[in-house]
Amino acid sequence: MIPQPSPISSQRLAKLRSRRTRTHTWLLLPLCLMLLSCARQTDPNSHAKTLVMIIESSPTNLDPRVGLDAQSERIDDLLFDNLLSRDEHLNVKPGLAERWETPDPKTYVFHLRRGVRFSDERPLTSRDVKWSFDSL
């Protein structure tokens, strides 16, 4: 009689898949970096700083309020900073807001980091944060 293999639990299977995915990611990351480093600058006299990325598909929108697909979110993470973010344990941590207060359940007061500037060198102000919230 041939012994039957024991069934794999769904948790064990999820761990194996997660481990395999991480392994593939670590194997593909150096390859992607090598490919990106082989890119030639098209105009040797150009001093523009250009980042070239290979992605699976085009993002639907580069506005983080609208583009909710995976590609849009990946590129948004590279282009934009958040008011708050989360660490690897999903705890809220400071982003553009260095600290915040909650004086009552319906009120949040954010204290913005000093020295933050947009790409056009304009400083980040509370008016910019308010505009972002109002536009949602």
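Every value quoted in this text rests on a predicted model; they were computed, and no experiment measured them.
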Heavy-atom neighbours of [X] [atom1] exceed 12 at 6.0 Å:
| X | atom1 | result |
| --- | --- | --- |
| R65 | CZ | yes |
| Y108 | OH | no |
| R127 | CZ | no |
| E56 | CD | no |

L136 and L96: same hydrophobic cluster, using ILVMFWY side-chain contacts below 4.5 Å?
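Per the 4.5 Å side-chain linkage, L136 and L96 are co-clustered.
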Give a yes or no on whether F133 and V92 share a hydrophobic cluster (residues Ile, Leu, Val, Met, Phe, Trp, Tyr; joining criterion: side-chain heavy atoms under 4.5 Å apart).
yes
Could you check if a side-chain atom of P103 sits within less than 4.5 angstrom of a side-chain atom of V109, using non-hydrogen atoms only?
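Yes, their side chains come closer than 4.5 Å.
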To check you understand the geometry: which heavy-atom pair defines the closest contact between P59 and I75, and what is its length?
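Between these two residues, the closest heavy atoms are CG-CD1, 4.0 Å.
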Minimal non-hydrogen separation, R117 against E121, with atom names
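Scanning both residues completely, I find the closest heavy atoms to be NH1-O, 2.6 Å.
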Quick check for you: to the nearest 0.5 Å, what is the distance between [X] atom [atom1] and [Y] atom [atom2]?
| X | Y | atom1 | atom2 | value |
| --- | --- | --- | --- | --- |
| L68 | D76 | CG | CG | 9.0 Å |
| L112 | R99 | CG | CZ | 10.5 Å |
| L79 | D63 | CG | CG | 11.0 Å |
| E88 | K93 | CD | NZ | 7.0 Å |
| H111 | E101 | NE2 | CD | 3.5 Å |

Sidechain-backbone polar pair: [X] side chain, [Y] backbone, donor-acceptor under 3.5 Å:
| X | Y | value |
| --- | --- | --- |
| S72 | T60 | yes |
| D87 | L90 | yes |
| T107 | D104 | no |
| D128 | T125 | yes |
| R113 | G95 | yes |

Could you walk me through whether D69 and E73 pass the side chain to side chain contact (heavy atoms under 4.5 Å, CB included) check?
CA-CA 6 Å; D69 61 295; E73 288 185 3; over 6 Å; no
Show your reasoning for whether side chain to side chain contact (heavy atoms under 4.5 Å, CB included) applies to V129 and L83.
CA-CA 8 Å; V129 175; L83 198 58; 4.1 Å; yes
Using 30° and 60° as the class limits, which term best fits the ring planes of W100 and F110: parallel, tilted or perpendicular?
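Judged by the thresholds at 30° and 60°, the geometry between W100 and F110 is tilted.
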